[in-house]
Amino acid sequence: MARDTKFTVVLFLIYVVSGCFHLIDSGAAFNLLNPFLIVMNTILCLSFLFFHIRKLPGLFFFFFMLMTVGPVVEMFFGTDYSWVTLIGFLSAPVFLYSNWLDYDRWGKLFWIPIVEFAFLGIAMALYWFIPEFLILSLIGLCILSMAILMMNGRNYELTTVVKRQTLVLAFSSSSLTTAYTFNQFI
């Protein structure tokens, strides 16, 4: 599990360094802010999907990846693939159901995945209806995901699946929040 955490942290740090170069001098930037997020999130989901290919949590990684594949295909081919993103929204109910199966593991803290599911659902709804407020739910999802990851190992041990799902949510929400912040200054 330490490898998963290191992989996600390295991807996020590369993303932040790219954004910092973009802030300092746009000529020295990698010019990868938004496409980088999409591609790296897809790679992260694919790597975790490989480990859970025949299990229910594998569906979460597959559907979550579809949310980012639609914009990538649209970027390269110019046609509208918003239906792929809509299919990707099935990741939220799969996330809640896979955590429901670990109800005995969560115990009294079961409200945490429900709140995380709520932030994820609100972010998906805001993406379509009020995109200018999307950052609010992403900040909540980022803070909650980071808190869950910091809670791991201290009197409480997350399962591998829950930790990987939370890593994907933490990486994508923190990267989107960072991208939004950098785009406001540029």
Side-chain angles (χ1 to χ4, degrees), residues 8-9 11-46 48 59-96 99 111-150 165-186:
T8 306
V9 168
L11 291 180
F12 179 68
L13 289 177
I14 290 171
Y15 186 79
V16 169
V17 167
S18 169
C20 289
F21 278 133
H22 201 14
L23 280 175
I24 294 169
D25 180 20
S26 60
F30 303 152
N31 293 324
L32 295 174
L33 282 178
N34 293 328
F36 181 77
L37 167 66
I38 293 169
V39 171
M40 288 295 107
N41 194 37
T42 304
I43 290 172
L44 186 64
C45 286
L46 277 174
F48 291 155
L59 285 175
F60 168 79
F61 298 116
F62 176 74
F63 287 134
F64 199 81
M65 179 183 63
L66 286 181
M67 284 195 293
T68 56
V69 167
V72 168
V73 172
E74 189 173 324
M75 239 183 344
F76 290 118
F77 299 111
T79 54
D80 183 24
Y81 286 98
S82 59
W83 59 273
V84 175
T85 306
L86 280 173
I87 293 171
F89 285 175
L90 290 173
S91 64
V94 170
F95 171 78
L96 185 63
N99 278 290
W111 60 271
I112 293 174
I114 291 175
V115 171
E116 196 169 18
F117 166 75
F119 276 125
L120 184 60
I122 291 169
M124 290 175 182
L126 289 175
Y127 173 78
W128 286 103
F129 299 113
I130 315 171
E132 53 271 6
F133 292 119
L134 176 64
I135 190 69
L136 298 175
S137 62
L138 288 177
I139 290 172
L141 186 62
C142 176
I143 291 170
L144 187 62
S145 299
M146 294 295 182
I148 291 170
L149 291 174
M150 289 188 321
Q165 287 175 341
T166 307
L167 282 170
V168 167
L169 290 174
F171 173 72
S172 60
S173 62
S174 60
S175 300
L176 280 170
T177 304
T178 307
Y180 180 79
T181 305
F182 285 142
N183 287 336
Q184 293 302 313
F185 291 115
I186 296 174

Could you pull out all residues at least two apart from Phe61 that satisfy ring pair (Phe, Tyr, Trp, His ring centres under 6.0 Å)? Phe48, His52

Rounding to 0.5 Å, atoms CE (Met67) and OG1 (Thr42) come to a distance of 10.5 Å

Nearest 0.5 angstrom please: Leu134 CG to Phe129 CZ, how far? 13.0 Å

How long is the span from the CG atom in Leu66 to the CH2 atom in Trp83, to the nearest 0.5 Å? 8.5 Å

Atom CZ of Phe60 and atom CG of Leu90: how far apart are they, to the nearest 0.5 Å? 12.0 Å

First locate atom CE of Met124, then atom OG of Ser137, and finally report the distance between them rounded to the nearest 0.5 Å. 10.0 Å

Residues passing the side chain to side chain contact (heavy atoms under 4.5 Å, CB included) test with Leu136, sequence neighbours excluded, are Phe133

What residues form a side chain to side chain contact (heavy atoms under 4.5 Å, CB included) with Leu59, not counting sequence neighbours? Leu56, Phe63, Val94

Residues in side chain to side chain contact (heavy atoms under 4.5 Å, CB included) with Leu96, at least two apart? Ile114, Phe117

Smallest separation among heavy atoms of Ala123 and Leu138, with atom names: CB-CD2, 4.3 Å

Ser145: which residues meet the side chain to side chain contact (heavy atoms under 4.5 Å, CB included) condition with it, sequence neighbours left out? Glu116, Leu141, Thr166, Leu169, Ala170

Side chain proximity check, Phe95 to Val168, heavy atoms < 4.5 angstrom: no

What's the spacing between Leu44 CG and Leu167 CG if we round to 0.5 Å? 7.5 Å

Are any non-hydrogen side-chain atoms of Phe64 and Ser172 less than 4.5 angstrom apart? yes

